[in-house]
Q: 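My questions all concern the structure below.
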Amino acid sequence: MPSQPTFLQKVELVVSQIPAGKVMTYGQIAQCIGEGTARLVGMALSSLPTGSSIPWHRVVNVKGGISPRANPQSSLEQIQRLLGEGLQFNRNQELDLNSYRFKP
DNA sequence: AGATTGACTGCAT
DNA sequence: CATGCAGCCAATC
């Protein structure tokens, strides 16, 4: 009998619901879960193991861009994956949330 | 067990 | 418009 789901697992559940070509902000995910805050979402994703089946690359900050992180190589990978899904970055290296934000 | 950290966000200056 | 600070709370040491 499994124990109660951790916050991390709740985040994984919501993130896995994001369709390709769309993105969600940290705060939006926290609100969708109904518990925690944007920071907790970011921390949860930081603890995800490499090769996770979770589309964590579809999670961006409220600006539609990639937040600065401990491992810059990972942010680059996130951009590459989003480009591969057909999203387009503007000259500020940010996405247009008015078009790409996933609205449940 | 308690202290520190951090992939955020909004408001103030 | 840029920069600073406070609040949020699980995960980690």
Q: Over how many whole Å does the gap from A:Leu76 atom CG to B:dA7 atom C1' extend?
A: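 Taking CG of A:Leu76 and C1' of B:dA7, I get 15 Å after rounding.
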
Q: Looking only at atom types and distance, does a side-chain atom of A:Gln78 sit under 3.5 Å from a main-chain N or O of A:Val59, one as donor and one as acceptor?
A: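 Yes, A:Gln78 side chain to A:Val59 backbone: donor-acceptor pair under 3.5 Å.
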
Q: Expressed in angstrom and rounded to an integer, what is the separation of A:Asn92 atom CG from C:dC1 atom P?
A: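 From A:Asn92 CG to C:dC1 P: 11 Å.
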
Q: Output the rounded distance in Å from NZ (A:Lys63) to C1' (B:dG10).
A: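 Atom NZ in A:Lys63 sits about 11 Å away from atom C1' in B:dG10.
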
Q: Report the distance from atom CG of A:Leu8 to atom P of B:dG6, rounded to the nearest whole Å.
A: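 Nearest whole value for this atom pair: 18 Å.
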
Q: Among C:dC8, B:dA7, B:dG10, find the nucleotide with the atom closest to the side chain of A:Val62.
A: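 So the nucleotide nearest the side chain must be B:dG10.
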
Q: Taking only residues two or more places apart in sequence or in another chain, which ones pass side chain to side chain donor-acceptor pair (under 3.5 Å) with A:Ser47?
A: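 Applying side chain to side chain donor-acceptor pair (under 3.5 Å) to A:Ser47 gives none.
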
Q: What residues from residues 42-57 of chain A pass a heavy-atom cutoff of under 4.0 Å to DNA chain B?
A: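 Nucleic-acid contacts, sorted: A:Gly42, A:Met43, A:Leu45, A:Ser46, A:Trp56.
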
Q: Can you list every pair that meets salt bridge (Lys or Arg N to Asp or Glu O under 4.0 Å) and has a residue in residues 46-60 of chain A, with sequence neighbours left out?
A: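 Listed once each, the pairs are A:Arg58-A:Glu85.
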
Q: Given A:Arg101, which of A:Met24, A:Lys22, A:Gln28 fulfils the side chain to side chain contact (heavy atoms under 4.5 Å, CB included) condition?
A: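 When side chain to side chain contact (heavy atoms under 4.5 Å, CB included) is applied between A:Arg101 and each of A:Met24, A:Lys22, A:Gln28, only A:Gln28 qualifies.
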
Q: Over how many whole Å does the gap from A:Met24 atom CE to B:dA7 atom C1' extend?
A: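 My rounded result for the distance is 15 Å.
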
Q: If we only count heavy atoms from C-beta on, is the A:Ile66 to A:Val60 side-chain gap below 4.5 Å?
A: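 A:Ile66 reaches A:Val60 side chain to side chain.
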
Q: Given B:dT9, B:dA7, C:dA10, which nucleotide is nearest the side-chain atoms of A:Leu40?
A: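 Of all the options, the side chain of A:Leu40 is nearest to C:dA10.
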
Q: Rounding to a whole Å, what distance do you find between A:Lys10:NZ and C:dC9:C1'?
A: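 Atom NZ in A:Lys10 sits about 13 Å away from atom C1' in C:dC9.
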
Q: Which part of the nucleic acid, if any, lies within contact of A:Thr6, taking any heavy atom under 4.0 Å across all strands shown: a base, the sugar-phosphate backbone alone, or nothing?
A: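 The residue A:Thr6 makes sugar-phosphate contact but no base contact.
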
Q: Just checking A:Gln93: does its CD atom have more than 12 heavy atoms from other residues, nucleotides or ligands closer to it than 6.0 angstrom?
A: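 No.
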
Q: Measure the distance from CD on A:Glu77 to C1' on B:dA7 and round it to the nearest whole Å.
A: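 Taking atom C1' of B:dA7 as the reference, CD of A:Glu77 is at 13 Å.
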
Q: Decide yes or no for A:Leu97 and A:Val23: does some side-chain heavy atom of the first lie under 4.5 Å from some side-chain heavy atom of the second?
A: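 They are in contact (side-chain heavy atoms under 4.5 Å apart), so the answer is yes.
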
Q: To the nearest Å, how far apart are A:Gln31 CD and B:dG10 C1'?
A: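 A:Gln31 atom CD is separated from B:dG10 atom C1' by 14 Å.
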
